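Both backbone and side-chain heavy atoms feed into the values below; hydrogens, waters and symmetry mates do not. For clarity, every value in this text was computed on a predicted model and none was experimentally measured. By convention in this document, chain letters (A, B, ...) are assigned in the order of the sequence lines, proteins followed by strands, and residues within each chain are numbered from 1.
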Amino acid sequence: MSTPSGSGQSDENIYDFRALEARWPAVWDSMDSFAPIDDGNRERKYVLDMFPYPSGDLHMGHAEAFAMGDVAARWARQKGQDVLHPIGWDSFGLPAENAAIQRNAHPAEWTYANIDTQARSFKRYGISADWSRRIHTSDPSYYRWTQWLFLRFFDKGLAYRRDSPVNWCPKDQTVLANEQVVNGTCERCGTDVTKKSLNQWYFKITDYADRLLEDMDQLSGSWPERVLAMQRNWIGRSEGAHVTFTIEADSDLPAYDAPVFTTRPDTLYGATFFVVAADAPLALELVKPEHRAALESYREKVKSLSEIERQSTERPKTGVFTGRYALNPLSGEKIPVWAADYVLADYGTGAIMAVPAHDQRDLDFARAFDLTVRTVVDTGAEDPAMSGVATTGEGTLVNSGELSGLSKDEAIAKAIDMVAAHGTGERTVNYRLRDWLISRQRFWGTPIPIIHCTTCGEVAVPDDQLPVTLPENLRGEDLAPKGTSPLAAVAEWVNVPCPTCGAPAQRDTDTMDTFVDSSWYYLRFISPTLDSAPFDTEAVNRWLPVGQYVGGVEHAILHLLYSRFFTKVLFDLGLVNFTEPFAALLNQGQVLNGGKAMSKSLGNGVDLSEQLDRFGVDAVRLTMVFASPPEDDVDWADVSPSGAAKFLARAWRLGADVTSDPGADPDAGAGQLRSVTHRTLADVEVLMQHNKFNVVIARLMELVNATRKAIDGDVGAADPAVREAAEVVAVLLSLFAPYTAEDLWERLGHPASVATVGLPPVEQRLLVQDTVVAIVQVQGKVRDRIDVPVDISAADLEALARASGSVQRILDGRDIRQVIVRAPKLVNIVPC
RNA sequence: GCCCCAGUAGCCCAAUGGCAGAGGCAGCAGACUUAAAAUCUGUUCAGUGUCGGUUCGAGUCCGACCUGGGGUACCA
């Protein structure tokens, strides 16, 4: 080859990613280089990717997420930190069960086969994980401790059972937590969710609402703002008051004190009717006999609505009169009590005071049923009774007895004082967050370790009898959804003596939401084989909170909220000494194709293994990371894995062109290239602090280009600075392209592994330049550039700037009002 | 409706309030080649969504709006 650029003509100088991928995994395995030392000599860093669900082989989304997490882990290692970067599987869940039904098999077969496939793919993908800590949540040795933790929650009253209308997925035949209902449909399968009244297990996450909110202060700045915002909205703190209305006794029916929650106690005088949630027990309790039939048929109608229909905001208001009247605690006014479905049974108290003038929903209802509308806050807008538009803004109270004349805020305070003085109300805080419904009527999950005894009630399975394992003899149709757990049909499993009294009793047949399993796995990684406790508290306190958590934003209010809740409970139990599990969170973007998420129905899926076969692991990884900032989506149609491969080959070829020996003294090398190398190191340090992985790669490309130029130009291949630059390329490249970097490192004459050699220190003296280009502006516009010494004084710089010919021309003799000097880089002259 | 995020070159994206361009893709030209691919070299292309404000100076800060994306939604 006649080009001077070292392009590959000999076989030894042709970049062959297949050869690299065939060679290095065995070397890395034998070195065991990715397990932490944990000897306290180095700063510990826990880097964690959200563990995968074994749904099949890895896909493009995994490839992006794990590339990002691996960059963070490898960076920490190069910085000399003791890195924990484990991997495991979230291996309970419905898809395994559905697959088992289809194939007349046990869910474990499908699950563990997929885990093996994914594990092989992860190894090929070059993830720098500590494989010795591998866990699976469906292993009895894991779920034993999920059960143990459930029992600690149960002991504290944080796990309880109650009857309640719950979200029901008719397809999956199981209940769903609030967080798992997306736009009225099942998060998993998209089926319209309906309501069903069932007795179910809950975790009392509402007890922690305030702490979940307040502790976000610890996360602000290191978690994406939008995730914090989503959690804040989900928790939905709302300040207001409880105000008790008395429902008057009527013939045989007794009087009834009905509290309502309101954020607007100032509008109490405007309450012209009262509404109870139609599906709340209270509605049936207070309805007069002659209205009972109408209410019951209305309740039937409401029940038949899907969540989607119910949530539609355009739906006209419906409801029925109960025949009863409530007394306003401030005015004593008697107002009708209605039952309607626009009031929710499980928010607030399940009943409201309706103030149609100042709440649009109440106004819509009032207009539908011809009820009184009374304006009590004058906002200057048109009277809502006429306009049909409720007014919610600031204003002056009118028609409101003692409150009249006050501002909204004054009236809110005074109204609360007044009802409090009467004993009919108090200031309160209400949350949108509901308790976490954790029981599921399916098989492939952690059994709830409770035994139901007719005399002793709910009895905890004693700790020493854990785990309560799943029966192994169920296959195919045995697992089909029937609305009750398949476990209920296994008599020999269900029927056990009561641990307390010995009488015949039955096991609870529900299993736990898989989000329970994933709420504590990051703790289990610390001591994955411990069999005396879920985790080693001392070691956990050493390693946690997780220093960098990486995963998709789809878990913003599911897994992340639940895990935060778990951590706080464990803190209260004295099992951990921190209250937030994840100190920093990185949400990687999605991988799109043609502007859209990849999906079977669109037919725009890109197969990961095909990309890997074609371009190589390193090129795919580099493409993922280089395409955009980590949190932005990557559109596979917009990127170029072949371009990435080209760059990798360029970098790799440097290995053949460095002719100095390992250990050559860089001080003897060309200063200009050394400056580029050390400037790169210094900048990368700052960029990595801000997760700007894509920019780091751009800087790495520059360094490769500069090294190439030095080799082909005057500096020459034998210059020690060239070796230094190529070695820095290898170390930085190891963050993104482990195979290429490792091979380059070897070609540079070093033994494996480049992953752990560390970064050379930045030589500060190489960063300072003798002269810089100073910008001369007139009124903010650049008019000249002058070479000046870096240490020029402000006065000298100003003098040079004033003397500039082009500046003189622009100023044209005008007087100067002000001169801003930022030596040595800038002078701005402002004329009058 | 409310809340968050983002709008810079044909495309993906850089730019501590101080020269709008670091890097890549695509394009164009050249070198090498019988030719092509690969490789190498060089190079074209925007004034930063709109309007206003703060400032000596705004892509960057503030306000309003537009567009796109995401979240949430009878939550009293």
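We find that A:R653 and A:D657 are not joined by a salt bridge, their nearest charged nitrogen and carboxylate oxygen being 4.0 Å or further apart. Salt-bridge check for A:D635 with A:K596: failed, with every basic side-chain N at 4.0 Å or more from each acidic carboxylate O. The pair A:D341-A:K301 does not count as a salt bridge, with every side-chain nitrogen at least 4.0 angstrom from each carboxylate oxygen. Taking the charged nitrogens against the carboxylate oxygens, A:R232 and A:E225 do have a contact shorter than 4.0 Å, which makes a salt bridge. Between A:R299 and A:D279 there is no salt bridge, since no side-chain nitrogen of the basic residue lies less than 4.0 Å from a carboxylate oxygen of the acidic one. Between A:D683 and A:R699 there is a salt bridge, with a side-chain nitrogen of the basic residue lying less than 4.0 Å from a carboxylate oxygen of the acidic one.
Spacing between atom CG of A:D633 and atom P of B:G69 amounts to 12 Å, rounded to whole angstrom units. For the pair A:D632 CG and B:U8 P, the computed distance is 12 Å after rounding to whole Å. As a whole-Å value, the separation of A:R653 CZ from B:C40 C1' is 9 Å. Here B:U55 presents its P atom at 17 Å from CD of A:Q777, a figure rounded to the nearest Å. The nearest whole Å value for the distance from the CD1 atom in A:I352 to the C1' atom in B:A76 is 6 Å. A straight line from CD of A:E631 to C1' of B:C4 spans 14 Å, rounded to a whole angstrom. Regarding A:R432, its CZ atom lies at a distance of 12 Å from the C1' atom of B:C74, rounded to whole Å. Spacing between atom CD of A:Q779 and atom P of B:A58 amounts to 10 Å, rounded to whole angstrom units.
In this structure, B:A20 forms no base pair with any nucleotide, since neither Watson-Crick nor G-U wobble geometry is met with both distances under 3.5 Å. Using Watson-Crick or G-U wobble geometry with both donor-acceptor distances under 3.5 Å, B:G52 finds its partner in B:C62. Summarising the base pairing, B:G42 is matched to B:C28 through a Watson-Crick or G-U wobble pair whose two defining distances lie under 3.5 Å. Applying the Watson-Crick and G-U wobble criteria (two distances, each under 3.5 Å), B:C2 pairs with B:G71. B:G57: no Watson-Crick or G-U partner with both key distances under 3.5 Å is found in any strand.
Comparing A:Q590 and A:G348, the nucleotide of RNA chain B nearest to each residue sits closer to the 5' end for A:Q590. With RNA chain B read from its 5' end, the first of the two nearest nucleotides for A:A644 and A:T318 is the one closest to A:A644.
If you check B:G18, B:A20, B:G23 against the side chain of A:R822, the one that comes closest is B:G18. With distances taken from any side-chain atom of A:N705 to the nucleotides B:C19, B:G23, B:C56, the minimum falls on B:G23. In the set B:C74, B:C19, B:A76, B:C74 carries the atom at the smallest distance from any side-chain atom of A:Y342. Of the candidates B:C13, B:A73, B:A76, B:A76 carries the atom nearest the A:F261 side chain, counting heavy atoms from C-beta on. Taking only side-chain atoms of A:D359, from C-beta outward, the nucleotide of B:G42, B:A22, B:A76 with the closest atom is B:A76. Here the nucleotide nearest the side chain of A:K646, chosen from B:C5, B:A38, B:C19, is B:A38. Each of B:A20, B:U39, B:U72 was ranked by its minimum atom distance to the side chain of A:W234; first place goes to B:U72. Relative to the side chain of A:D638, the nucleotides B:C74, B:C4, B:C11 differ in distance, and B:C11 lies closest. With B:G18, B:C25, B:A76 as the candidates, the nucleotide lying closest to the side chain of A:S640 is B:C25. Comparing B:C13, B:G18, B:A15 against the side chain of A:N828 picks out B:G18 as the nearest.
Nucleotides B:U41 and B:C4 place their P atoms 48 Å apart, quoted to the nearest Å. B:U50 and B:C45: their C1' atoms are spaced 24 Å apart (whole Å). Spacing of C1' atoms, B:U67 relative to B:A26, comes out at 26 Å, to the nearest Å. Atom name P, nucleotides B:G59 and B:U48: the rounded distance is 7 Å, in whole Å. Look at the C1' atom in both B:U60 and B:G47: the space between them is 14 Å, to the nearest Å. Between the P atoms of B:U44 and B:A6, the separation comes to 32 Å (whole Å). For the C1' atom pair drawn from B:C65 and B:A29, the interatomic distance equals 45 Å after rounding to whole Å. Of the P atoms belonging to B:C5 and B:G10, the separation is 28 Å, rounded to the nearest Å.
Judged by the 6.0 Å and 45° rule, A:K317 forms a cation-pi pair with A:Y342.
Contact annotation: A:S238 reaches the phosphate of B:A76 (side-chain N/O to OP1 or OP2, under 4.0 Å). Between A:N233 and the phosphate of B:A73, there is no side-chain N or O to OP1/OP2 separation shorter than 4.0 Å. Between A:R232 and B:U72 there is no side-chain polar atom (N or O) within less than 4.0 angstrom of OP1 or OP2.
A distance-only check finds no donor-acceptor pair linking the side chain of A:H242 to the backbone of A:R427 [under 3.5 Å].
If you check every strand for non-hydrogen atoms under 4.0 Å, A:P224 touches nothing. Among the heavy atoms of the strands, none lies under 4.0 Å from A:V639. Among the heavy atoms of the strands, none lies under 4.0 Å from A:Y431. In this structure, A:K781 reaches neither bases nor backbone, as no heavy-atom distance under 4.0 Å exists between it and the strands shown.
Look at B:G47: its glycosidic torsion is within 90° of 0, and that puts it in the syn range.
Below the 3.5 angstrom threshold, one finds a donor paired with an acceptor across the side chain of A:R785 and the base of B:C19.
Judged by distance alone, the side chains of A:T740 and A:D618 do bring a donor and an acceptor atom under 3.5 Å apart.
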